[in-house]
Amino acid sequence: MALAFCGDEGNSTAYNVDHGVLNNGCFVDALNVVPHVFLLFITFPILFIGWGSQSSKVHIHHSTWLHFPGHNLRWILTFILLFVLVCEIAEGIVSDGVSESRHLHLYMPAGMAFLAAITSVVYYHNIETSNFPKLLIALLFYWTLAFITKTIKFVKFCDNGVGFSQLRFCLTGLLVVLYGMLLAVEINVIRVRRYVFFKTPKEVKPPEDLQDLGVRFLQPFVNLLSKGTYWWMNTFIKTAHKKPIDLKTIGKLPIAMRALTNYILLNEAFEAQKVCKAWSYGSRSIWRALCCAFGRPLLLSSTFRILADLLGFAGPLCISGIVHNVVGQNHISNIKFLSNAYVLAVLLFFALLLQRTFLQASYYVAIETGINLRGAIQTKIYNKIMQLSTSNMSMGEMTAGQICNLVAIDTNQLMWFFFLCPNLWAMPVQIIVGVLLLYYLLGISALIGAAVIIVLAPVQYFVATKLSQAQRSTLEYSNERLKKTNEMLRGIKLLKLYAWEHIFHSSVEETRQKEMTSLKSFALYTSISIFMNAAIPIAAVLITFVVHAHLTRKADFSPSVAFASLSLFHILVSPLFLLSSVVRSTVKALVSVQKLSEFLSSEEIGEEHDKSSELRSADNHTLKLSFCLSFVSILLTMIVGQVGCGKSSLLLAILGEMQKISGNISWSRINELEVLCSYRKVKRGAVAYASQKPWLLNATVEENITFESSFNKQRYKAVIDACSLQPDIDILPHGDQTQIGERGINLSGGQRQRISVARALYQQTNVVFLDDPFSALDIHLSDHLMQEGILKMLREDKRTIVLVTHKLQYLPHADWIIAMKDGNIQREGTLKDIQKSETELFEHWKTLMNRQDQELEKENPVLERTNLRRTMYSREALLKDDEEDEEDVTESDDDDNLSSVLHQRAKMPWRACGKYLSAAGILLLPLLLLSQLLKHTVMVAIDYCLALWTEHEFDHSQYSKIFSVLCCLGIVLCLVTSIAVEWTGLKVTKKLHSSLLNKIILAPMRFFETTPLGSILNRFSADCNTIDQHIPATLECLSRSTLLCVSALAVISYVTPMFLIALVPLAIMCYFIQKYFRVASRDLQQLDDSTQLPLLSHFSETVEGLTTIRAFRYEAKFRQKLLEYTDSNNIASLFLTAANRWLEVRMEYELHAGQMMQTSKNVGFSLVFALHQVSNYLNWMVRNLADMEIQLGAVKRINGLLKTEAENYEGLLSSSQIPQNWPDRGEIQIQNLSVRYDSNLKPVLKHVNAHISPGQKIGICGRTGSGKSSFSLAFFRMVDTFEGRIIIDGIDIAKLPLQTLRSRLSIILQDPILFSGTIRFNLDPEKKCTDSMLWEALEIAQLKHVVKALPGGLDAIVTEGGENFSQGQRQLFCLARAFVRKTSIFIMDEATASIDMATENILQKVVMTAFADRTVVTIAHRVHTILNSDLVIVMKRGVILEYDKPEVLLEQEDSVFASFVQADK
């Protein structure tokens, strides 16, 4: 039949105009085409010619736009218009199909209107982008014409008696309203922008954010379509595939999302509450403030979520209709439009698109709100830290760790609570609607099935609670294990020298066993949780359908009812699964807010204190400082006194960091200061302060010295010279641009001290406080710093200097001296005043002044230099390996650097995956694969059986039995698969940790010198945690979602072969989407992690350096840094969220488009799979693939460390060949000895020959870098002996097993190392000595009275690193530890560096008497301490320069030893 606009030409009624032209329906429809044709003809030339490039008056660098008035309303109305027009087209086609005459006028005008509506929004978008509103006049005419023509049609319907009962009347009425509203929107744009009909149009500039070239996160600025589909992310995702994503790529945050903006919002919410008299930072106040500041977007997210959940029920309802119509009828009814199966399929498609769009919008808004909230709270915490009283931390009320936990954990808990918050309102709605619909379909049996799900919900909650407890328990054991591992790694040199590796290895393994027990509980409850998630829907469906079939035999059990019910059960289970997560998150959020409340309520600096309180010092002791003094017009004040007398506390009190009992500190205009006994309050200026314990930033050397001040090259060079830093800078890999690790970990104590002092010297403040700046410096460096830095630079600048020192030889330079004792000022005045009035004190000082209190750097600079060389060599070697074989590269610390993390863009690490799975063993792997395949086969069989059952609805008994057996088998297989996955994870994690620990503990010392401690510790912490808890869960989810998708696609293709046509293009698109997403997701995930590290580091740095920051008055600068770090982390998190939404929207749209292809007898069977398996799990498959790729990096890095070669612990001699009491005499023969730190480095000892007789006392001295420490390490085979040998008591030490050799010698290192535990454990971890032996050693070390005074005596607690003892006391404990061993050879490597001279003299005498029969080798930093030695060895550049008795060397005029002694007087 020929097509004609008004139908068949023979049909005269179509062309009848007897009752007027407007009464002819075909003419009216033709008239309705005119506006649409007009718009298409007007806009197409404008759109394609490219007018936009010339007409733009405001340059916008992004492809985004200014929003005209009514922007969002226009887009919403356009979407509704398009939907109504689709319905009108469908109605026309259905009506035309029934009449069997091709009336084009029934659907062609609607088709033209649909095309015009799309054109209008594209046209509007381009005009808005170019900010050229004058061209909107075309749309004004279009909406006017469309409104008039559609109104005419509506009026004629009314005249002809067409009413609400007919769909076309309702659709026309809706279109009149929509065109009218769009016309009103257009008129409003003219009213506001005045672009036409007004003389002065209103000029509008782009938003401030878009004028900033750095803003690349465009979600707030784009139109609704781009917001809903994340279209603006396309360019970003494509760019990410071509080059790595870094901070520059993602740019800055929009102003509304920045931490400062959100902090102001939160602060205003707090301020609004402060009007209440009894206001405090209580939990309720915090919740009210959070709701006030961030409640509105959360409400929007909840609305989106509820709408999405309600639209989700369109799926089951449409399935019921579609299946009923496809199965029950062979023709399409023209009476009920909505009963048409094809119409329902289209409606289902649109409903699902809208549902997924609302769902993703809800997720995005909730996560964005959570991220904004996190940034605001972190800023609030930081501002509180800046005002925090340091006494809180010094008294243990609050630790740096607690504050960091608050930032790292609790703020994230609140963020995730806000993300899950919409579920609190959405879940009840979903459950109620779901149960009502089930009841409508199945009657009473539906309630039984729903009851099964609801009854099992508390069981799920119980399992979730147990899972949470197991996780908390695991975390506690994990923290304990990491603490022990950290101590083991920090003290690895001592452990190897004392042959204690096995003790600490056993200790870590013991804790790991406890952790593994907890992990087993965690794995068990995880597997039960996974099992329940999979089994509950099967059980509910089984019970419901069996009850429905047998109790109500005459009831409807058609495919439409069965598959609609099945779909509803899938929907109903989701909120109940979420319940446990939401409850857990809510509980955690409540706890986090309580912690936040306690922190925000803590005492601030400058607050009034109880007058009876005492002054609190930083070392947990109470001090009573009593003084009245003035520093006015004094240039150099020195404060001296014994350890613990209150020198540092005095400086802190002046800076306002201590709790004050009485008195006040007053500052004059030129920032000189007085400490007065009256009460006067004047604000203090900036003070350049160098603390006793050097505090460094995780930044470059230059940034640490300039410390946020402007760079002055001349002054910078002068400061570097004054602090003798140039030689140190020269050996650093990148000079003064070398990045200093956290807490200056890659620098020696002396270097840290000098950089800290250099910072104080560089600042242009009038007052400088130096707290014991010479403690870690040798005599030459100290003298140079005193002369060039303090006396020349500072004094000549007329700056007020307050210097705390033990170096009494510098007292003659002081303008004023303050001598302190027991918290009081013993005496103050000039040196002459004290000489006259305190003769005894002056004579004591004079004695000590004659002996310069020389201390060499605590780390041998030669070792530092070789360390740096080895590190550089190590990195070069790794780069070379990386080029040769990217997969097998040994991971270095570079893996933890942001720059290298971003460039790790290799393909999926299949080798690491293979290594992970192979670690599971031969039995577990096949069980894992087989159980997964069987489970999913049974799942498909269950649904197929249901399809067959519903076709033969009267034969219930046979099918119900088969269905029941299959369901039970499915439930059992769910349990087997969940246990298999977790069991595999446990086995792998146990094997990998054990192998890693064994390798690391036996690695040579050079490995620890060339690999940063943080990098090794990360393998034991972050990487082990990933393998312990994350990989098993990801592996289970990945395998489940992959197999579900594959089985679902196979079923759909089998049931609906037509789907195969769509499957090929869909598969190609899915492949490219996941390929691009995986690269972007991996980079963004790593960027999110890596931007969190500087943020947390900044918090910990600030807490540790709070006194210094406040002294310099740099609070504002550090706050600005915090805002930058927070924004960097937040922008990475937001991009990651947007990328996840981008993936999910595309995958779901694509799959729902594929569902349109499904038409067959078993359409319900395939629709259930399409709706609830493919759409839900394909997204998870891609995301889990991306997660797995990142997580397998942990396996790869650990495997890299497993390739480390261990030390050769085996010896040529067996234990039976070594005498039991060897070495019994202590004779040492060194023959032509040459050693080096590595085979690629130069020797540090060259052809050394020496003979030490039994019982001799040998002193070794030499300048820094002469090889003294290397000499001592050679006895323990800690360095590579490539030539010569050492013979002790007739046995070549190279032939001995390492364990035997090291256990038979004793050494005391220059760095005191104590482990957490008891004093007994620190002295004798092998538990070989009696109490009397331990007390004897403590008495020798001058510590007996100290230990006896402690609660518990020998069982008194030693905190981590021995922080509850002073540096000197720690060194004495190390001496006692060596005395306990009672070996015949005793080596002291600068062991008295941290001990005052009086104690050192006592110790020297004790050593000479207590070890009269032992061989003692002393490496000296104070030459006078070895004057009583039997022999002295003087070393220079790795060779022995002098070797003789001290008296013989002193008699030689040209003796180097004699010159050392002369300099030491």
Side-chain angles (χ1 to χ4, degrees), residues 217 219-220 247 250 252-270 281 283 286-298 300-301 362-385 402-422 584-586 588-597 599-600 1084-1085 1087-1100 1102 1119 1121-1141:
F217 189 79
Q219 183 72 3
L247 285 173
I250 59 177
K252 298 178 187 174
L253 266 177
I255 291 167
M257 295 177 178
R258 288 178 190 169
L260 181 60
T261 310
N262 290 297
Y263 167 70
I264 291 166
L265 267 177
L266 184 62
N267 224 32
E268 284 172 356
F270 277 120
Y281 277 112
S283 295
I286 293 172
W287 279 117
R288 276 199 294 268
L290 291 176
C291 291
C292 180
F294 303 102
R296 194 173 292 175
L298 206 62
L300 179 65
S301 174
S362 171
Y363 288 158
Y364 172 78
V365 173
I367 294 175
E368 185 198 288
T369 308
I371 290 168
N372 289 340
L373 171 137
R374 182 180 66 179
I377 294 176
Q378 284 172 344
T379 311
K380 182 80 179 168
I381 291 169
Y382 194 81
N383 283 336
K384 178 69 180 182
I385 289 170
Q402 285 173 329
I403 294 171
C404 287
N405 277 346
L406 200 63
V407 175
I409 296 168
D410 293 305
T411 55
N412 277 309
Q413 297 286 17
L414 283 169
M415 181 185 80
W416 285 113
F417 169 71
F418 266 63
F419 170 49
L420 291 171
C421 205
R584 269 207 323 273
S585 181
T586 306
K588 285 178 180 177
L590 289 168
V591 172
S592 295
V593 166
Q594 183 58 42
K595 286 184 190 174
L596 191 63
S597 166
F599 174 74
L600 292 175
L1084 286 168
Q1085 184 66 62
L1087 191 62
D1088 185 34
D1089 294 341
S1090 56
T1091 49
Q1092 201 171 16
L1093 292 174
L1095 176 65
L1096 298 178
S1097 176
H1098 187 66
F1099 269 95
S1100 61
T1102 303
R1119 281 192 188 106
K1121 264 191 174 182
L1122 180 272
L1123 292 173
E1124 288 169 13
Y1125 287 136
T1126 307
D1127 286 345
S1128 296
N1129 185 225
N1130 286 354
I1131 186 74
S1133 300
L1134 281 166
F1135 262 106
L1136 182 61
T1137 300
N1140 287 334
R1141 305 285 79 78

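Only this structure's heavy atoms are used, side chains among them; waters, hydrogens and symmetry mates stay out.
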How close do S592 and D410 get, heavy atom to heavy atom, and via which atoms?
OG-OD1, 2.8 Å
Minimal heavy-atom distance between L1084 and A1132, with the atoms involved, is CD2-O, 4.5 Å
Out of curiosity, F1135 CZ to N1140 CG, how far, rounded to the nearest 0.5 Å?
13.5 Å
Using a 4.5 Å cut-off on heavy atoms from C-beta on, say whether the side chain of I377 contacts that of L290.
yes
Note, L406 side chain near T411 side chain (heavy atom, < 4.5 Å):
no
All side-chain contact (heavy atoms from CB on, under 4.5 Å) counterparts of A376, not counting sequence neighbours
N262, L266, F294
Tightest non-hydrogen contact, residues F417 and S585, listed as CA-OG, 3.3 Å
Testing the 3.5 Å rule here: is there a donor-acceptor pair between the side chains of N383 and Y263?
yes
Test item: side-chain donor near acceptor, S301 and S362, under 3.5 Å
yes
With a 4.5 Å limit on heavy-atom distance, are the side chains of I409 and Q413 in contact?
yes
What is the distance from atom CD of E368 to atom CG of L300, rounded to the nearest 0.5 Å?
10.0 Å
Check the pair I367 / R1141 against side-chain contact (heavy atoms from CB on, under 4.5 Å), numbers first and verdict last.
CA-CA 11 Å; I367 294 175; R1141 305 285 79 78; 3.7 Å; yes
In Å, rounded to the nearest 0.5 Å, how long is the span from CD1 of I250 to OG of S1128?
7.0 Å
Under a plain distance cut-off of 3.5 Å, with no hydrogens placed, do R374 and S1133 share a side-chain donor-acceptor pair?
yes
Using side-chain contact (heavy atoms from CB on, under 4.5 Å) as the criterion, point out the one residue from L260, L1122, L253 that pairs with D1127.
L253
L600 versus K380: any side-chain heavy-atom pair under 4.5 Å?
yes
Would you call N412 and V407 a side-chain contact if the rule is heavy atoms closer than 4.5 Å?
no
G375 and T1126: which non-hydrogen atoms are nearest, and at how many Å?
CA-CG2, 3.7 Å
Here the gap from I264 atom CD1 to T379 atom OG1, rounded to the nearest 0.5 Å, amounts to 10.0 Å
State, to 0.1 Å, how close T261 and I255 come at their nearest heavy-atom pair, and which atoms those are.
OG1-O, 2.6 Å
So R258 and N372, do their side chains get closer than 4.5 Å, heavy atoms only?
no
Under a 3.5 Å threshold, yes or no: a donor from one side chain and an acceptor from the other, between Y382 and Q378?
no
What verdict does the side-chain hydrogen bond (donor to acceptor under 3.5 Å, both in side chains) test give for T369 and R296, after you've listed the backbone C-alpha separation in whole Å, the side-chain angles of each residue and the deciding distance to 0.1 Å?
CA-CA 9 Å; T369 308; R296 194 173 292 175; over 6 Å; no
Below 4.5 Å, heavy atoms only, C-beta onward: do Y363 and F419 meet side chain to side chain?
yes
Here the gap from H1098 atom NE2 to K1121 atom NZ, rounded to the nearest 0.5 Å, amounts to 6.5 Å
Determine, step by step, whether F270 and W287 satisfy the ring-ring contact (aromatic ring centres under 6.0 Å, His included) criterion, reporting the C-alpha distance in whole Å, the side-chain angles of both residues, the deciding distance to 0.1 Å, and the verdict.
CA-CA 10 Å; F270 277 120; W287 279 117; over 10 Å; no
Please tell me if the side chains of I385 and F599 come closer than 4.5 Å, counting only heavy atoms from C-beta onward.
yes
Heavy-atom pair of closest approach, residues P297 and V365:
O-CG1, 3.2 Å
If you apply the rule side-chain contact (heavy atoms from CB on, under 4.5 Å), what do you find for K252 with I1131, and how did you get there?
CA-CA 7 Å; K252 298 178 187 174; I1131 186 74; over 6 Å; no
